Amino acid sequence: MHEPHKDYLGDKFGMWLFLFTEILLFGGLFLLYAIYLHRYPAEFHQGGLELSRIFGAANTVVLITSSFTVALAISALQQGRRGLCQGLLAATIALAGVFMVNKYFEWSAKIAHGIYPGSSEMAQAGGTNIFFGLYYVMTGAHGLHVVIGAAILGFCMLRIGQGRVTAEDFGLLENGGLYWHLVDLVWIFLFPLFYLIS
Amino acid sequence: MPSPGETVPFLDPLPGRSGLTSWIFSTDHKRIGMLYLWCILTMFAVGVAIGVLMRLELIAPGRTIMGAQAYNAMFTLHGVVMVFLFVIPGIPAAFGNILLPLQIGAEDVSFPRLNIFSWWLYLTGAVLAVTSLFTGGGPPDTGWTFYVPFSERTTTNVSLAVVAVFILGFSSILTGLNFITTIHRLRAPQMSWGKLPLFVWSLYATAWIQLLATPVLGVTVALVFIERLLGIGLFDPAKGGDPLLYQHLFWIYSHPAVYIMIVPAMGVVSEIIPAFDRKSIFGYKAIAVSSLAIAFAGSLVWAHHMFTSGMSDTAVLVFSFLTFVVAIPSAIKVFNWVATLYKGSIYLEPPLLFALGFIFLFSVGGLTGLVLGSAGTDIHVHDTYFVVAHFHYVIFGGTGFGLFAAMHFWFPKIFGRMYDRKLANASWYLLIGGFNMLYFPMFLIGLMGMPRRYYDYLPMYQTGHMISTAGSWVLVAGLVTMFWGLSKCLRGPRTVGRNPWGAATLEWTLPSPPPHLTFLDPPDEVPSPYSYAGVKRDA
């Protein structure tokens, strides 16, 4: 009987290629950011002052912690501690939830102040409109990736529960972890570009 | 005792697994390739039909069979269908899928389930693109480039069309990812990089462009969608945005995309020329490396589409220079093919005819590209029929003829039967004649100033347009003849042996058609792909 082909390195290779595409997807947005920052430095400075650094910093800590828990989860699985691994993954997903709830409050506060695309204040305001437009698009795209990443980790938990991802065959979880680190990394760039730019 | 999978041809059902689901949920790269092939040929038929209708409208000045709005929708659809649904997936997704694992002695691609998922994405994108014609505020009328600000304001169904493009892009990315991983990880142990068939090299270069350029298109069309939904104004000058940035982002993908279209066809030609010439390819390394060089240099030339858009003169000069640089690796290929033909023992079979058609038409298209790439002349011919002619010479004359060459070259391998040689030859004459009759007058009326994308024109252009429209009928006759010559041979007993052309790449060591399971164990010996000494024909 022919053995199914298992290629651990190939799986990782494919995942890294996929991460490149994600970076390029955000790259298009970062390019827009760079050009508009060059064109509207004063408005970007002013816009940065209006964002809450407390919320931003809190979310940065939350995401970095979640990257730590996912790394621990992979180590735990490699050592065969399945329960611990699943607990750590659950913690990671919970942290993703905290991030999204934070984001919800942050966005609601902005919208309550009349800062949202198409609002009467924004439409007139050239550079400020662009700053907040990019803010919504880029943090929105990132938020979508947080949700997708959490779903992927949830799928990994399911597979671990079914015994399909194990201490010997942990490629899926590692790739899920890589995706999660990418989500984290994008935020590491978004945070200073929007919150600390002033 | 071999299992049925190792003996039953992949076109035939395995015991207990038959019907439609054994195709649309198959993870076999050969079956997935066939799914793509039928889809892209269907889309080609749609695109051709739209093109013929457009030509009919242009046979005389004024309104002939449709008005301005209908014509705008027609050229948009022709572009979207041909570019995103036919040409880009054309050779890589159809023939690449079928042949890549066979040519490197692998059992399948690295990620077979991702492979069928890519096809489902393609199908979803195709269905959405077609749906956008009949729903919402009418078919999109922006041209396939979706330029802002018009694409943000038009009431037609651009939103659904850009979603379709986003999904198709995702499909293309995943195919590229799959191929790169496969070529790195699954080559037969003896298949060193220097023994890779040149078709595989071209797929490799193409896959990198698909992987690295397509995400930028994804985010760009996503922004168009968001702008239509929320009106943020990132590209709207009234709200502080800059429409030129859209053009940059769009062409950062869409110029490399023309190399996604043409490079695999160059790979096909590199396979066919030595096989019908009984002579090893001239300049193997130069051809292999030039594919990568095209992929690299082609990623740096996008703004030559924007010489009249209002860029700085410095940017125009830099991009004009880089555009000339891309001509070098393309020319390297052409010279090497011609050098391979020199003193070869040439068999003028239909696949070679189509490959020669490629070289001729691509050369015309490539050289007229330099007229467009040099900033001075481009100002004169920008957005005229000269561009339309250039693009069709490169993409239809190049990729289209490359695809036709591939269809004839691998037809006996895939179906185990030979096509009708007389009809294939006849169709070639009709196609090459009709093609030049259709597109060559466009160069002339373009130089005279006929702008593209108009349903009406001044009487001075009528002769050119009339010849061109008549040419479209000859071309269609050629296409009908060609597909008739192929499809009439789809039935009947499978009589073709393993290697009807006496070619030396690995797929010709397998039965025709190959069985469901191929290269379960990698081949022991991997010969040089273009060394014909000792290779026996097996017709």
Side-chain angles (χ1 to χ4, degrees), chain A residues 1-36 38-40 43-44 47 115-119 121-138 140-141 144 171 175, chain B residues 3 5-6 106-112 114 166 169-170 172-174 176-182 184-186 207-208 210-223 226-227 229-242 244-246 248-250 252-253 517 520-521:
Chain A
M1 190 57 207
H2 185 67
E3 287 290 311
H5 186 87
K6 203 76 184 155
D7 183 6
Y8 171 75
L9 269 180
D11 291 351
K12 292 291 278 290
F13 190 99
M15 189 64 201
W16 277 101
L17 291 178
F18 183 70
L19 296 183
F20 288 165
T21 70
E22 288 280 8
I23 288 169
L24 279 154
L25 185 108
F26 278 100
L29 295 171
F30 280 114
L31 187 68
L32 287 182
Y33 180 95
I35 289 162
Y36 285 129
H38 178 72
R39 189 169 299 177
Y40 302 116
E43 287 87 344
F44 273 49
I115 303 175
Y116 56 88
S119 73
E121 280 180 50
M122 297 273 290
Q124 319 296 329
T128 312
N129 176 51
I130 294 296
F131 178 81
F132 284 103
L134 282 172
Y135 164 76
Y136 278 110
V137 169
M138 292 175 80
L144 187 65
N175 281 341
Chain B
S3 69
E6 290 168 70
E107 187 187 335
D108 206 312
V109 294
S110 271
F111 308 111
L114 195 66
F166 184 89
F170 206 7
S172 179
I173 288 173
L174 293 177
L177 183 158
N178 220 336
F179 284 4
I180 296 174
T181 314
T182 306
H184 274 275
R185 296 293 305 162
L186 297 184
W208 276 108
Q210 285 178 298
L211 189 83
L212 297 180
T214 318
V216 183
L217 175 79
V219 76
T220 310
V221 294
L223 283 172
I226 292 170
E227 290 291 344
L229 202 66
L230 302 174
I232 295 175
L234 287 176
F235 302 124
D236 183 352
K239 295 178 181 171
D242 186 345
L244 201 59
L245 283 177
Y246 171 84
H248 274 292
L249 285 178
F250 180 81
I252 284 176
Y253 164 75
L517 301 174
L520 289 180
D521 300 302

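A quick note: this is a predicted structure, and the numbers were derived from the prediction, not measured. A, B, ... follow the sequence lines: proteins, then strands. Residue 1 opens every chain.
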Seminar exercise, completed: Among A:G140, A:G126, A:A141, A:G127, the residue with the most heavy-atom pairs under 4.5 Å to chain B is A:G126
For this session: Answer yes or no: is there a donor N or O on one side and an acceptor on the other, between the side chain of A:Y136 and the main chain of B:I232, under 3.5 Å?
Result: no
Exercise. Taking it one step at a time, do B:F111 and A:D11 satisfy side chain to side chain contact (heavy atoms under 4.5 Å, CB included)?
Worked result: CA-CA 8 Å; B:F111 308 111; A:D11 291 351; 3.3 Å; yes
With a 4.5 angstrom heavy-atom cut-off, which part of [X] approaches chain B: side chain, backbone, both or neither?
{"X": "A:L9", "value": "both"}
{"X": "A:Y36", "value": "side chain"}
{"X": "A:I35", "value": "side chain"}
{"X": "A:F26", "value": "neither"}

Using non-hydrogen atoms and a 4.5 Å limit, figure out which bit of [X] sits close to chain A: side chain, backbone, both or neither.
{"X": "B:H248", "value": "neither"}
{"X": "B:Y253", "value": "neither"}
{"X": "B:I173", "value": "side chain"}
{"X": "B:A213", "value": "neither"}
{"X": "B:D236", "value": "neither"}
{"X": "B:L517", "value": "neither"}
{"X": "B:L177", "value": "both"}
{"X": "B:L223", "value": "side chain"}

Problem set entry | Test log, rule side chain to side chain contact (heavy atoms under 4.5 Å, CB included), inputs B:L234 and A:I130 | CA-CA 6 Å; B:L234 287 176; A:I130 294 296; 4.1 Å; yes
For this session: Please say whether more than 12 non-hydrogen atoms of neighbouring residues, nucleotides or ligands are located less than 6.0 Å from CZ in B:F166.
Result: no
Problem set entry | Evaluation steps, side chain to side chain contact (heavy atoms under 4.5 Å, CB included), between A:L29 and B:V219 | CA-CA 8 Å; A:L29 295 171; B:V219 76; 3.7 Å; yes
Contact leader toward chain A among [options], where contacts are heavy-atom pairs under 4.5 Å:
{"options": "B:T214, B:D108, B:L211", "value": "B:L211"}
{"options": "B:I226, B:L217, B:I180", "value": "B:I180"}
{"options": "B:G218, B:P215, B:A222, B:P237", "value": "B:P215"}

Problem set entry | CG on B:L249 to CG on A:L32, rounded to 0.5 Å | 5.0 Å
Exercise. What is the distance from atom CZ of A:F13 to atom CZ of B:R185, rounded to the nearest 0.5 Å?
Worked result: 8.5 Å
Seminar exercise, completed: In short, B:K239 meets A:N129 closest at the heavy-atom pair O-ND2, 2.9 Å
Exercise. Run the side chain to side chain contact (heavy atoms under 4.5 Å, CB included) check on A:L31 and B:I252 step by step: do they pass?
Worked result: CA-CA 12 Å; A:L31 187 68; B:I252 284 176; 4.1 Å; yes
